[in-house]
Protein chains: 2
Amino acid sequence: MPQAADDNRSAPDTAERILDASEWLFAEHGFDGTSMRMITTRAAVNLASVNYHFGSKEALFQEVFHRRLAELNRQRLEAINRMEADAGGTALKPSQVLDGFFGPALEMAADTEHGGYTFMRLLGRTYTEPAEFIRKFMAVEYAEVVERYTAALYAALPEVPKAEIVWRLHFMMGAVSYAISGIDALALLTGHFDDDPALLKPRLTAFLLGGLRAPLPESANTATRK
Amino acid sequence: MPQAADDNRSAPDTAERILDASEWLFAEHGFDGTSMRMITTRAAVNLASVNYHFGSKEALFQEVFHRRLAELNRQRLEAINRMEADAGGTALKPSQVLDGFFGPALEMAADTEHGGYTFMRLLGRTYTEPAEFIRKFMAVEYAEVVERYTAALYAALPEVPKAEIVWRLHFMMGAVSYAISGIDALALLTGHFDDDPALLKPRLTAFLLGGLRAPLPESANTATRK
DNA sequence: GTATCATTCAAACGTTTGTTTGAATTCTGC
DNA sequence: GCAGAATTCAAACAAACGTTTGAATGATAC
């Protein structure tokens, strides 16, 4: 057993090396496509050290997510707390809400030096991997943030039915996920891609806002706000 | 060897049973998470019959995709051919282009009886699985359709820079993919989901059109159309 | 009915999988 | 420097992996 599971100071760097190596490998090959030997080889540690430090492959996978998602959602909550305090009881603007929610994710995705980009690629592909144990802890990790931001969107768009907002948030998450993790696929489908990556955020924000504020479909116009 | 690889009449149903079983399993557990024994057990055929009929697990995976994508893209090409013929040289409306491209996919996704929904879930998660051999044949399978539809979008939105259109097409594919394959994830994040699935298409179309026609980001306003 | 093909089957192939073990080593507090 | 805990290490474990084999069964043609 390691001295203390949550104390990063006592464990020199073996655990961290494993996290970094597996983060990249999971993003590249998926959970099942990544073996313990691939991980320990890339991290340059002994094969048994994963089980020693994390207990199992599944537990390691969860820890890879927890490390980043905790920070990501902390930033999101901080952003909405600050914005709502500044607004003093009045509703936020839709663009503010989107910025608070997707901004931290896009910033993390822009960080190619400390693994942020790698993790966001992993996160994108994990949304569509419906493995049981993954979905469970994702729900826990996201619960508070989703509740706060959907409430903020309800207030920001009082004329849009709540069900519509939930759907559009879902669509937006898909668009963002693709924007981050599917760049390779895009390049493959449309030929080469010689564009400035720094332009991603304004491009994406414009697109999301357009979709979020789009006119309601006819079938939804008759629905009452509940 | 089977009598004839492309003659569905001579092979009774073993090959088809394998395709149906593996389609569902690949969607549920991914390529690496699905074993030959899971496939042959679910299809109720002998273990060796996959290699006999398809050659290998990878070749089976490709055939699962080819079977559906060939039909999907055939419909897409038929749709754009018909629309452009009707338009007689004038540019199509953006909503028409989107309908031609995403309509067949959404219809397939609505078919829960013949595996269409299962396949679309599989397709959604496969976009984010960057396995080498998968990306290769996806590019081939999609080449013609993407070329035709991007060209139609260029003509439909002459005031929008081409690079912007390519990006927005990418965003839209992400939104659609999530809309189809990520419903479980959405239900998990936002609580239960008591909504009419038939409303998906109008909801999604409204969102996509809003995003596609959104005002350009400031940073792109200065860019010239190339 | 016999020859010829396609297909199915049970069994085994050699690898690779995640995990465990117990001894060797390194670190920590005194 | 010594006791005791934490960590690393090489080796092994049973189980599962994709694929191959050769004989048994099925269907088709003459």
Side-chain angles (χ1 to χ4, degrees), chain A residues 1-26 28-65 129 131-134 137, chain B residues 1-26 28-65 129 131-134 137:
Chain A
M1 286 281 195
Q3 302 185 18
D6 299 306
D7 185 356
N8 306 6
R9 205 68 252 112
S10 58
D13 52 345
T14 301
E16 211 171 309
R17 297 246 297 283
I18 291 173
L19 284 174
D20 291 339
S22 57
E23 184 175 62
W24 187 86
L25 286 165
F26 285 145
E28 201 71 15
H29 305 109
F31 180 76
D32 290 304
T34 302
S35 73
M36 299 290 249
R37 283 157 183 86
M38 288 165 74
I39 295 171
T40 52
T41 298
R42 178 169 237 263
V45 299
N46 185 269
L47 172 61
S49 56
V50 172
N51 293 82
Y52 175 76
H53 284 281
F54 298 96
S56 69
K57 189 185 176 187
E58 285 199 2
L60 166 63
F61 192 75
Q62 284 187 235
E63 187 53 36
V64 166
F65 275 82
E129 278 194 41
E132 192 64 17
F133 81 97
I134 297 174
F137 81 82
Chain B
M1 286 277 194
Q3 301 186 19
D6 299 306
D7 184 356
N8 305 7
R9 204 70 250 110
S10 58
D13 52 346
T14 302
E16 212 171 306
R17 296 246 298 282
I18 291 172
L19 285 173
D20 292 338
S22 58
E23 183 174 63
W24 187 86
L25 286 165
F26 285 145
E28 202 69 16
H29 305 110
F31 180 76
D32 290 304
T34 302
S35 73
M36 298 290 249
R37 285 160 181 84
M38 290 163 74
I39 294 171
T40 52
T41 298
R42 177 170 238 263
V45 298
N46 186 271
L47 172 61
S49 56
V50 173
N51 292 82
Y52 175 76
H53 283 281
F54 298 96
S56 70
K57 188 186 176 186
E58 286 198 2
L60 167 63
F61 191 75
Q62 286 188 234
E63 187 53 35
V64 166
F65 276 82
E129 278 193 42
E132 192 65 16
F133 80 98
I134 296 176
F137 81 82

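Each chain gets a letter, A, B and so on, in the order its sequence line appears, and its residues count up from 1.
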_the helix from C:dA6-D:dT25 to C:dC30-D:dG1: angle between end helix axes, five pairs per end, rounded to 10 degrees_ = 30°
*Side-chain N or O of B:Asn46 closer than 4.0 Å to phosphate OP1/OP2 of C:dT7*: no
_Test side-chain contact (heavy atoms from CB on, under 4.5 Å) applied to A:Ser35 - qualifying residues, sequence neighbours left out_ = A:Arg37, A:Met38
*asked:* Below the 4.0 Å mark, does C:dG18 have OP1 or OP2 next to a side-chain nitrogen or oxygen of A:Asn51?
replied: no
*Taking the side chain of A:Ala48 as its heavy atoms from C-beta onward, which of C:dT7, C:dT20, C:dT19 lies nearest to it?*
C:dT20
*For DNA chain C, which residues in residues 30-38 of chain A have a heavy atom at a distance below 4.0 Å?*
A:Thr34, A:Ser35, A:Met36, A:Arg37
*Establish, with yes or no, whether the OP1 or OP2 oxygen of D:dT8 is under 4.0 angstrom from a side-chain nitrogen or oxygen of A:Thr14.*
yes
*Tell me: OH of A:Tyr52 to P of C:dA24, nearest whole Å?*
18 Å
*With sequence neighbours excluded, tell me which residues meet side-chain contact (heavy atoms from CB on, under 4.5 Å) with A:Ser56.*
A:Glu58, A:Ala59
*Reckon B:Ser56 has a side-chain N or O less than 4.0 Å from the OP1 or OP2 of D:dG18?*
no
*Nearest to the side chain of A:Leu47 - C:dT19, C:dA6, D:dT8?*
C:dT19
*Mind checking what makes side-chain contact (heavy atoms from CB on, under 4.5 Å) contact with B:Ala21, not counting sequence neighbours?*
B:Arg42, B:Ala43
*Quick one: list whatever passes side chain to side chain donor-acceptor pair (under 3.5 Å) with B:Asp32, sequence neighbours left out.*
none
*Go through C:dT19, D:dA10, D:dT7 for me and flag the one nearest to the A:His53 side chain.*
D:dT7
